Protein chains: 2
Amino acid sequence: MPDTARTETPKAETTTFREVMAEIVARITEGPWGPGTLLPGEVELAEEFGVSRTTMNRALREVSDLGFLDRKRKAGTRVRMAPIRQARFEMPVVRSEIEKTGAEYRYALVSHEVVVAPDWLRLRMGLKARAKVVHLLCLHFADGVAFQLEDRWINASALPQALEQDFSEVGPNEWLVATVPFSEVEISFLAAAADAVMVAHLDHALGDPVFCVERATWWQNAAVTLVTLAHRRGYRMTTRY
Amino acid sequence: MPDTARTETPKAETTTFREVMAEIVARITEGPWGPGTLLPGEVELAEEFGVSRTTMNRALREVSDLGFLDRKRKAGTRVRMAPIRQARFEMPVVRSEIEKTGAEYRYALVSHEVVVAPDWLRLRMGLKARAKVVHLLCLHFADGVAFQLEDRWINASALPQALEQDFSEVGPNEWLVATVPFSEVEISFLAAAADAVMVAHLDHALGDPVFCVERATWWQNAAVTLVTLAHRRGYRMTTRY
DNA sequence: ATGTTTATTATGTCTACACATAAGGAGTCG
DNA sequence: CGACTCCTTATGTGTAGACATAATAAACAT
């Protein structure tokens, strides 16, 4: 039985749940536990690995969280048929995303107006008739090149402070996360055709495919903000594991 | 102190870690624990909630996994300034994605060839010169309407069985997940302009923005497969929490 | 044969305790 | 004053044991 503990630290005499996890994942991806296999029970496995059931439970639970296993009471633990079923994207604030690449971050406010919400927005955010909204257009630069165009609407009824806020220095996103909590978020990824506004500020021609992220946020059943983030040419959102 | 346990089940006399979690999240998003707050230690909190430190630890760890808290030994537990907005997308097999909406699923093989890998693919997948690959074009229909166009390359050196497989009935994705394990996956989301192939099979005009998912899979440092999934007009990938 | 109840069993989770480990902070020494 | 060491402390994780719960399977009744 080679390779029973592959991340073994020499000092440790006890087996950690991480070591157990590694071995379980290895047995699934490279070893005898192919898709659909029913694993032995926790007690039996704990005995085999020389750990307590608590530790084995933790290991199995975390591997399950990774998407490899399917656990049901009484039914037991089974290897998922299609192991990779979830992609997890960390969506940092733009600033950190840019600074992490070593580039210099710069923010600019393009336009700022308070208007009555147009019909499509009222529907989308569930606003009352003639509700006032703050509408912002902002740019985020990486090393002087436009990286992301932020088109944001803020519900002034739910967040009257937004009316007095000056967004010329601090971006609305950073202001919002520091100001208002949220209870529900909806995120969509989509491909859109570049419109005149995007063409004016990003490196796009009219009609070019643009990768957009749309995020709507609620707090206590009231819509707070809706934002569309249009990205520069060729942008990809990537995750690896 | 209203609302101390909001998901309380009447039967239970003991407080579960889920109830503790709910209260912690509530205190962060609606209550006194604003961004940057340093929480009391585990022992103190456990006492306040009337649970063991183990349970409190579990609750705090899970809330931390949700992206609300930042935990460091000795430093303590602190509320994140900007909660990590992480988008977790379940990426089911197309079949289930379509059938879940109640639509009828149909699969069709468009083309199937064995060729020498073109240069860009050799670079992308890290193949040897003149390496043979299986190239497939497949369509996935929802209620008779083309939903997704699958453009797949399979490394025949790593997976010779693919050469003899007939993909006319069973899609390559379903065949692969049942056949080959994997050790590493890279997923990208991007917006592309519709090319002639997409126009021919999906409801797009030439140059239209198309939402694409690209997925590359390795097994033991050898590239197994690279696939691009082009979606029908107006497709969005959405997650809510 | 079919529907209902009951027993069994694997996972889910709580408790109490112990030791490990990282990191902040105090104290010490040059 | 700065660099180093050591102590303290909050979280990280392991153990053993107990009860809870969901879901299957077997036994039973219709």
Side-chain angles (χ1 to χ4, degrees), chain A residues 4-25 27-28 33 36-80, chain B residues 4-25 27-28 33 36-80:
Chain A
T4 301
R6 43 195 73 206
T7 53
E8 193 175 43
T9 25
K11 307 170 188 176
E13 311 143 16
T14 63
T15 311
T16 71
F17 80 93
R18 288 175 195 283
E19 290 165 350
V20 178
M21 274 182 73
E23 174 61 18
I24 293 173
V25 170
R27 288 194 189 177
I28 293 171
W33 292 344
T37 308
L38 177 67
L39 267 58
E42 287 186 346
V43 189
E44 194 177 331
L45 283 172
E47 204 170 324
E48 187 205 324
F49 281 80
V51 297
S52 70
R53 187 170 89 85
T54 313
T55 302
M56 183 50 72
N57 179 285
R58 172 93 190 261
L60 286 168
R61 176 157 42 80
E62 301 243 341
V63 174
S64 175
D65 285 347
L66 288 177
F68 290 101
L69 296 174
D70 213 13
R71 315 195 74 199
K72 276 202 311 216
R73 276 179 170 133
K74 165 71 182 175
T77 303
R78 198 174 285 276
V79 180
R80 277 221 158 94
Chain B
T4 302
R6 41 195 73 208
T7 54
E8 193 176 43
T9 27
K11 307 170 186 175
E13 311 142 17
T14 63
T15 311
T16 71
F17 81 93
R18 285 175 197 283
E19 288 164 352
V20 178
M21 274 182 73
E23 175 60 19
I24 292 173
V25 170
R27 287 194 189 176
I28 293 171
W33 292 344
T37 309
L38 179 66
L39 268 57
E42 287 186 346
V43 190
E44 194 176 330
L45 283 173
E47 204 170 325
E48 187 206 325
F49 281 77
V51 297
S52 70
R53 186 170 88 87
T54 313
T55 302
M56 184 50 73
N57 179 283
R58 172 91 189 262
L60 287 168
R61 179 157 41 81
E62 301 243 342
V63 175
S64 175
D65 285 347
L66 288 177
F68 290 102
L69 297 173
D70 215 12
R71 315 194 74 200
K72 274 203 310 215
R73 276 181 170 132
K74 165 72 184 176
T77 303
R78 197 173 284 278
V79 179
R80 276 225 159 90

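All values derive from a computational prediction rather than experimental measurement.
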Trainee: Could you tell me the separation between the OG1 atom of B/Thr37 and the CZ atom of B/Arg78, rounded to the nearest 0.5 Å?
Mentor: 8.5 Å
Trainee: What's the CG-P distance between B/Leu38 and D/dT9, to the nearest Å?
Mentor: 15 Å
Trainee: With a cut-off of less than 4.0 Å, is there a side-chain N or O of B/Thr55 near OP1 or OP2 of C/dT15?
Mentor: yes
Trainee: Looking only at non-hydrogen atoms, find the nearest pair between B/Val79 and B/Trp33 and report the distance.
Mentor: CG2-O, 3.9 Å
Trainee: Rounded to whole angstroms, how far apart are CD on A/Glu62 and C1' on C/dT11?
Mentor: 16 Å
Trainee: Could you grab the distance from atom CD of B/Glu19 to atom OG1 of B/Thr55, nearest 0.5 Å is fine?
Mentor: 11.0 Å
Trainee: How many Å lie between CG on B/Asn57 and C1' on C/dT15, as a whole number?
Mentor: 14 Å
Trainee: Of the candidate nucleotides D/dT11, C/dG24, C/dA16, which contains the atom at the shortest distance from the side chain of B/Arg53?
Mentor: D/dT11
Trainee: Over all heavy atoms of both residues, which pair between B/Thr15 and B/Phe49 is shortest? Give the atoms and the distance, please.
Mentor: OG1-O, 4.1 Å
Trainee: How do A/Met56 and A/Ala75 order along DNA chain D: which one's closest nucleotide is nearer the 5' end?
Mentor: A/Met56
Trainee: Looking at A/Thr77, does any N or O in its side chain come under 4.0 Å of the phosphate oxygens OP1/OP2 on C/dT11?
Mentor: yes
Trainee: Starting at CG of A/Leu69 and ending at P of C/dA10, how long is that distance when rounded to a whole Å?
Mentor: 17 Å
Trainee: Quick one: which protein N/O atoms are closer than 3.5 Å to N/O atoms of nucleotides 4-9 of chain C? Pair and distance per line, please.
Mentor:
residue: C/dT9; atom: O4'; partner: A/Lys74; partner atom: NZ; Å: 3.4

Trainee: B/Arg61 side chain N/O closer than 4.0 Å to the phosphate oxygens (OP1, OP2) of D/dT11?
Mentor: no
Trainee: Whole angstroms only, please: what is the CZ-C1' distance between B/Arg18 and C/dT13?
Mentor: 9 Å
Trainee: Using side-chain contact (heavy atoms from CB on, under 4.5 Å) as the criterion, list what pairs up with B/Thr54, not counting sequence neighbours.
Mentor: B/Ser52
Trainee: For DNA chain C, find the residues of residues 39-47 of chain B with a heavy-atom distance under 4.0 Å and give them by number; none if there aren't any.
Mentor: none
Trainee: Answer yes or no: does a side-chain N or O of A/Arg71 lie under 4.0 Å from OP1 or OP2 of C/dA10?
Mentor: no
Trainee: For a quick test of reading the model, state the closest non-hydrogen atom pair linking B/Val20 to B/Ala59 and the distance between them.
Mentor: CG1-CB, 3.6 Å
Trainee: If you only use heavy atoms from C-beta on, which nucleotide in C/dT15, D/dT24, D/dT13 is closest to the side chain of A/Lys72?
Mentor: D/dT24
Trainee: Quick one: side-chain hydrogen bond (donor to acceptor under 3.5 Å, both in side chains) partners of B/Glu42, sequence neighbours excluded?
Mentor: B/Arg53, B/Asn57, B/Arg71
Trainee: My understanding is that only residues two or more places apart in sequence, or in another chain, count here; which of them pass side-chain hydrogen bond (donor to acceptor under 3.5 Å, both in side chains) with A/Arg61?
Mentor: none
Trainee: Rounded to whole Å, how long is the line connecting atom CZ of B/Arg58 with atom C1' of C/dT11?
Mentor: 12 Å
Trainee: Looking at every non-hydrogen atom in both residues, tell me the closest pair between A/Thr77 and A/Leu38 and how far apart they are.
Mentor: O-CD1, 3.4 Å
Trainee: Rounded to whole Å, please give me the gap between CG in A/Asp70 and C1' in D/dA22.
Mentor: 15 Å
Trainee: So, B/Asp70 and B/Arg80, do they make that salt bridge, N to O below 4.0 Å?
Mentor: yes
Trainee: Rounded off to whole Å, could you give me the CZ-to-P distance for the A/Phe49 and D/dG14 pair?
Mentor: 13 Å
